[in-house]
Trainee: 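The structure follows.
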Amino acid sequence: MKKISIGEKFGLFHEEWTPKIIAETNGQLVKLAKGSGELVWHKHENEDELFIVFKGQLTIQMHEGDVTLGPNEMFVVPKGG
């Protein structure tokens, strides 16, 4: 096992809204993605989705209201949400 530099991994790709797998733990994939603009609303019926912002800002539109994340903030969207 070796440590993973998240900054280094971000430097390896430029595509937006195309998650890249950087690790796997307990059957869960750890993915990185870059994005700007708007991503089409979607939901996952069987799994939660974790968002962590490293740079910039992300607004997640939920039925209950928007959640805006800045650097070093995270939010878990519950399955079916």
Trainee: Please check if L32 and L50 belong to a single hydrophobic cluster, counting links between Ile, Leu, Val, Met, Phe, Trp and Tyr side chain heavy atoms closer than 4.5 Å.
Mentor: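 Yes; tracing contacts between hydrophobic side chains, which count when under 4.5 Å, links both residues.
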Trainee: Could you give the distance from CD (Q57) to CG (L69), rounded to the nearest 0.5 Å?
Mentor: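 If we round to the nearest 0.5 Å, Q57:CD and L69:CG are 8.5 Å apart.
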Trainee: Are any of the side-chain heavy atoms of V30 and E24 separated by less than 4.5 Å?
Mentor: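 Contact flag for V30/E24 side chains = no.
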Trainee: Closest approach of P71 and G56, non-hydrogen atoms and distance?
Mentor: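 So the minimum-distance heavy-atom pair works out to CD-O, 3.1 Å.
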Trainee: When you look at E73 and F54, which way does the side chain to side chain contact (heavy atoms under 4.5 Å, CB included) test go after all the steps?
Mentor: CA-CA 8 Å; E73 295 183 320; F54 291 94; over 6 Å; no
Trainee: Check whether any side-chain heavy atom of H14 lies under 4.5 Å from a side-chain heavy atom of K34, and answer yes or no.
Mentor: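 A side-chain contact exists here, since the closest heavy-atom pair is under 4.5 Å.
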Trainee: Take atom CD in E47; do more than 12 heavy atoms of anything else shown fall under 6.0 Å from it?
Mentor: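 Buried by this count: over 12 neighbours within 6.0 Å.
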Trainee: Do V77 and F51 have side chains that get closer than 4.5 Å, going by heavy atoms?
Mentor: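 When only atoms from C-beta onward are counted, F51 and V77 do touch, with a gap below 4.5 Å.
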Trainee: Can you check whether M62 reaches F75 side chain to side chain, under 4.5 Å on heavy atoms?
Mentor: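 Yes, their side chains come closer than 4.5 Å.
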Trainee: Do D48 side-chain atoms and K79 backbone N/O form a donor-acceptor pair below 3.5 Å?
Mentor: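 Judged by distance alone, yes, a pair lies under 3.5 Å.
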Trainee: Is a donor on one side and an acceptor on the other found under 3.5 Å between the side chain of S5 and the backbone of E8?
Mentor: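 Answer holds: yes.
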Trainee: Among the clusters formed by ILVMFWY side chains lying less than 4.5 Å apart, do F13 and L29 turn up in the same one?
Mentor: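 Not linked; separate clusters.
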Trainee: Side-chain contact, heavy-atom cut-off 4.5 Å: I4 with K9?
Mentor: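 SC-SC contact between I4 and K9 confirmed.
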Trainee: Pairing donors with acceptors under 3.5 angstrom, does anything connect the side chains of E16 and S36?
Mentor: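 Indeed, the side chains of E16 and S36 share at least one donor-acceptor pair under 3.5 Å.
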Trainee: Any chance NZ of K20 has more than 12 other-residue heavy atoms, nucleotides or ligands included, within less than 6.0 Å?
Mentor: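 Atom NZ in K20 is crowded, with more than 12 foreign heavy atoms closer than 6.0 Å.
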Trainee: Can I52 be reached from I6 by stepping across I, L, V, M, F, W or Y side chains whose heavy atoms are under 4.5 Å apart?
Mentor: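 As far as the 4.5 Å side-chain criterion goes, I52 and I6 are connected within one cluster.
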